[in-house]
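Here the structure comes first, spelled out in structure tokens, and everything after it is commentary.
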Amino acid sequence: MSIGLSFTGRIDRPEALLEAAKILAAEQNYHLAAGEGGLKVILCPLGGEVGFLWRRSEDPAGPWLVRGGCVSTPAGAGLHRAAVELLDNLPIHSLTVEDETGFYRHRDFRRMKEEHFYPWLRTLVDVCRQESGKGVSGMQLCWNLEQYSPQDIPDTVVTPVGRFRLSELAGLLEEGGVEALANRFFLWNGRTRDAKFYRNRAINALWERCCFAPSARSWEDEAVNASILDDLERAAKLAPSLPLPRESYAEVCALAGRDPVLPDGPNLAEEFAPGYRRGLITHHLGVLRLTLPGILRYEWERWENGSGAHLWSDASSDSPVWRVSSYRMREGDARFTDQLSALNGVEGRELKGGALRWGWKEISEKGERLYQAQCEVISGPALFLITATCAGPGDLSQVSELIGQVNVVQNRAREETVRAKKE
């Protein structure tokens with residue numbers, strides 16, 4: 001299970017709490033998001049946020065009631081400490097904190113790590129050790145299941161800070177001890193945001209968010225690439241002897257059009273090159289599972305009639321543009337439409353829990369001849385329409401391979417993320 005804290009208290013008014021949170025966020029370089037009924041202070045990635053919800057008390061003239069919490073794993077003990085100190089400095093009266101680590105009471109950082117975070121990490125390693133050598137597929141630790149799934153490599157484990165052999169985490173523990181492993185696995189294992197924090201934040205961005213696309217492609221690429229370079233350069237200044245992913249740094253510098261300034265130093269040894277999005281990743285759209293190149297940028301395409309489609313494209317290349325729109329029958333199961341009869345080379349395939357059919361046709365857009373694959377997937381009452389628009393007929397072979405990986409899941413998939421129990 002996860003490690004975290006929860007709290008309740010009273011505030012004079014939401015505006016006062018929000019103003020104080022804005023000041024603290026600016027001082028600490030945190031991010032803040034606010035709505036009508038609450039706010040979030042985002043301290044770091046990997047779920048590193050403290051949430052606040054407020055409501056009026058029964059007495060309209062009395063104070064407002066506030067409650068919230070923070071989940072500290074997998075970000076680490078540094079997040080837990082920062083969350084407690086954030087609560088210390090906000091105008092919350094009658095504050096009651098339920099902290100399973102006891103840190104809110106005793107404020108002993110080393111004790112908190114050794115009694116709670118390190119046993120939690122050892123449990124994860126034990127799970128990997130037990131599964132090592134069995135050819136396990138699709139294993140994920142602390143992975144956000146609401147996002148994409150990385151490409152599967154048997155006998156490895158996906159984590160937010162990289163892909164590891166199942167035996168590798170156990171080896172790191174045995175060779176360097178739990179402190180060394182924690183410094184590599186937790187994004188924020190130190191008391192403050194030290195060199196390891198900035199390195200691990202960059203590593204997380206390299207693995208999870210970076211598309212390895214030119215910064216000029218989009219503002220998202222520009223922001224991610226810049227954050228990686230800034231964090232690695234800051235880590236090198238704080239601790240010149242800290243191993244860093246130097247090859248990835250040089251690669252992102254080229255993508256960002258930025259001159260490398262990282263001084264010579266040790267390289268972080270990794271069997272797998274950082275970047276889940278270098279390869280294929282699988283998107284979850286309801287029961288549909290669609291596998292596409294990770295470099296494709298996602299956006300929601302809004303149509304004039306108010307509806308829209310999921311869209312993936314790469315403006316830096318002529319790769320196919322993918323769209324997915326979904327429909328649900330009011331009664332009965334979905335059926336294939338008559339549009340399939342107008343396509344070339346129609347093929348069909350039965351799926352576990354559904355079926356698909358697809359073909360292709362020539363289309364014209366702005367006077368340009370294009371080739372478009374159209375695929376329909378049915379599963380119970382759900383109908384998905386998938387299109388892949390290609391610049392040339394040669395791209396249809398790649399599209400065919402990806403359509404061959406389409407599948408559906410009838411029941412909500414069981415969470416594969418291991419939720420470690422404390423020893």
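Remember, predicted model here, so these are calculated numbers, not experimental data.
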Legend entry - L43 side, atom CG; C70 side, atom SG - distance, nearest 0.5 Å: 7.0 Å
Legend entry - Audit row: S317, D314, side-chain hydrogen bond (donor to acceptor under 3.5 Å, both in side chains) steps and yes/no: CA-CA 6 Å; S317 72; D314 177 18; 2.8 Å; yes
Inset, instruction - Calculate, to the nearest 0.5 Å, the distance between atoms CZ and CD1 belonging to F7 and I92 respectively. - result: 5.0 Å
Legend entry - D155 side chain to G133 backbone, donor-acceptor under 3.5 Å: yes
Inset, instruction - Please report the shortest heavy-atom distance between W207 and G275, naming the atom on each side. - result: CE3-N, 3.3 Å
Inset, instruction - Report the distance from atom CG of D259 to atom CG of L229, rounding to the nearest 0.5 Å. - result: 11.0 Å
Legend entry - Check: E376/Q374 side-chain N/O donor and acceptor closer than 3.5 Å: no
Legend entry - Beyond-backbone contact of H310 with W300, side-chain heavy atoms, under 4.5 angstrom: yes
Legend entry - CG-CD distance between L244 and E247, expressed to the nearest 0.5 angstrom: 12.5 Å
Legend entry - Verdict with supporting geometry, F164 and T156, side-chain contact (heavy atoms from CB on, under 4.5 Å): CA-CA 6 Å; F164 300 92; T156 69; over 6 Å; no
Inset, instruction - Identify the heavy atoms of R289 and L285 that sit nearest to each other, and give their distance. - result: NH1-N, 4.1 Å
Inset, instruction - Determine whether more than 12 heavy atoms belonging to other residues, nucleotides or ligands lie under 6.0 Å from atom NE2 of H106. - result: yes
Inset, instruction - Evaluate the criterion side-chain hydrogen bond (donor to acceptor under 3.5 Å, both in side chains) for residue pair D230 and S227; output intermediate values, then yes/no. - result: CA-CA 5 Å; D230 292 344; S227 70; over 6 Å; no
Legend entry - Under 3.5 Å donor-acceptor, S57 side chain and P63 backbone: yes
Inset, instruction - Identify the two heavy atoms, one from S94 and one from R10, that lie closest to each other, and give their separation to 0.1 Å. - result: OG-CD, 4.3 Å
Legend entry - R67 CZ: over 12 foreign heavy atoms closer than 6.0 Å: no
Legend entry - R193 side-chain N/O to Q28 backbone N/O, donor-acceptor pair under 3.5 Å: yes
Legend entry - Whether T123 side chain and P119 backbone form a donor-acceptor pair below 3.5 Å: yes
Legend entry - Test item: L187 and P74 side chains (from C-beta on) under 4.5 Å apart, heavy atoms: no
Legend entry - Chi angles and distances behind the side-chain contact (heavy atoms from CB on, under 4.5 Å) call for F52, L18: CA-CA 10 Å; F52 301 80; L18 178 58; over 6 Å; no
Inset, instruction - Indicate, with yes or no, if the rings of H283 and W312 have centres closer together than 6.0 Å. - result: yes
Inset, instruction - Apply side-chain hydrogen bond (donor to acceptor under 3.5 Å, both in side chains) to T101 and E115, showing your working. - result: CA-CA 8 Å; T101 72; E115 292 183 355; over 6 Å; no
Inset, instruction - Please examine the side chains of E251 and F212, heavy atoms only from C-beta on, and report whether any two atoms are closer than 4.5 Å. - result: yes
Inset, instruction - Evaluate the criterion salt bridge (Lys or Arg N to Asp or Glu O under 4.0 Å) for residue pair R110 and E179; output intermediate values, then yes/no. - result: CA-CA 11 Å; R110 168 59 58 177; E179 179 82 14; 3.1 Å; yes
Inset, instruction - Could you label the plane-to-plane angle of the F186 and F117 rings as parallel, tilted or perpendicular, counting under 30° as parallel and over 60° as perpendicular? - result: perpendicular
Legend entry - Side chains of H80 and F103 in contact at under 4.5 Å (non-hydrogen atoms): yes
Inset, instruction - Please step through side-chain contact (heavy atoms from CB on, under 4.5 Å) for the pair I403 and I386, ending with a clear verdict. - result: CA-CA 9 Å; I403 289 177; I386 304 172; 5.7 Å; no
Inset, instruction - Answer yes or no: does atom CD of E85 have more than 12 heavy-atom neighbours from other residues, nucleotides or ligands under 6.0 Å? - result: yes
Inset, instruction - Check the pair R184 / E270 against salt bridge (Lys or Arg N to Asp or Glu O under 4.0 Å), numbers first and verdict last. - result: CA-CA 11 Å; R184 178 65 179 86; E270 294 182 279; 3.1 Å; yes
Legend entry - Heavy-atom closest pair, residues M112 and A77: CE-O, 3.6 Å
Legend entry - Test side-chain hydrogen bond (donor to acceptor under 3.5 Å, both in side chains) applied to Y30 and E49, step by step: CA-CA 9 Å; Y30 297 150; E49 61 187 44; over 6 Å; no
Legend entry - is_close_aromatic(Y148, W143), centroid dist under 6.0 Å: yes
Inset, instruction - Please lay out, stage by stage, how L141 and C128 fare under the test side-chain contact (heavy atoms from CB on, under 4.5 Å). - result: CA-CA 9 Å; L141 293 180; C128 293; 3.6 Å; yes
Legend entry - Shortest non-hydrogen contact between P160 and N204, atoms and distance: O-ND2, 2.9 Å
Legend entry - Atom CD of E114: over 12 foreign heavy atoms under 6.0 Å: yes
Legend entry - Donor-acceptor contact present, side-chain S379 to main-chain G353, <3.5 Å: yes
Legend entry - Rounded distance [0.5 Å steps], CD in E401 versus CG in L280: 9.5 Å
Inset, instruction - Return yes if a side-chain donor-acceptor contact under 3.5 Å exists between Y104 and E98, otherwise no. - result: no
Inset, instruction - May I ask you to test the T159-L124 pair for a side-chain heavy-atom distance under 4.5 Å? - result: no
Legend entry - Side-chain heavy-atom pair R165, F272 within 4.5 angstrom cut-off: yes
Legend entry - Side-chain touch R199/L268, heavy atoms, less than 4.5 angstrom: yes
Legend entry - Flag if over 12 foreign heavy atoms under 6.0 Å of CZ, R55: no
Legend entry - Any donor-acceptor N or O pair under 3.5 Å, side chains D152, S137: yes
Inset, instruction - Please say whether more than 12 non-hydrogen atoms of neighbouring residues, nucleotides or ligands are located less than 6.0 Å from CG in D59. - result: yes
Legend entry - salt bridge (Lys or Arg N to Asp or Glu O under 4.0 Å) evaluation trace for D194 with R234: CA-CA 9 Å; D194 56 12; R234 187 165 187 173; over 6 Å; no
Legend entry - Backbone N/O of A256 and side chain of N225: donor-acceptor pair under 3.5 Å: no
Legend entry - D231 versus A202, closest heavy-atom pair with distance: CB-CB, 3.8 Å
Inset, instruction - For the pair K113 and D108, find out whether any cationic side-chain nitrogen is under 4.0 Å from an anionic carboxylate oxygen. - result: no
Inset, instruction - Answer yes or no: are there more than 12 heavy-atom neighbours, outside R258 itself, under 6.0 Å from its atom CZ? - result: yes
Legend entry - Donor-acceptor contact present, side-chain R278 to main-chain G294, <3.5 Å: no
Inset, instruction - Determine whether S149 and Q140 make a side-chain contact, defined as any pair of heavy atoms from C-beta on separated by less than 4.5 Å. - result: yes
Legend entry - Donor-acceptor contact present, side-chain Y327 to main-chain L385, <3.5 Å: no
Legend entry - CZ (R209) with more than 12 external heavy atoms under 6.0 Å: no
Inset, instruction - For the residue pair T73 and S2, confirm or rule out a side-chain donor-acceptor distance under 3.5 Å. - result: no
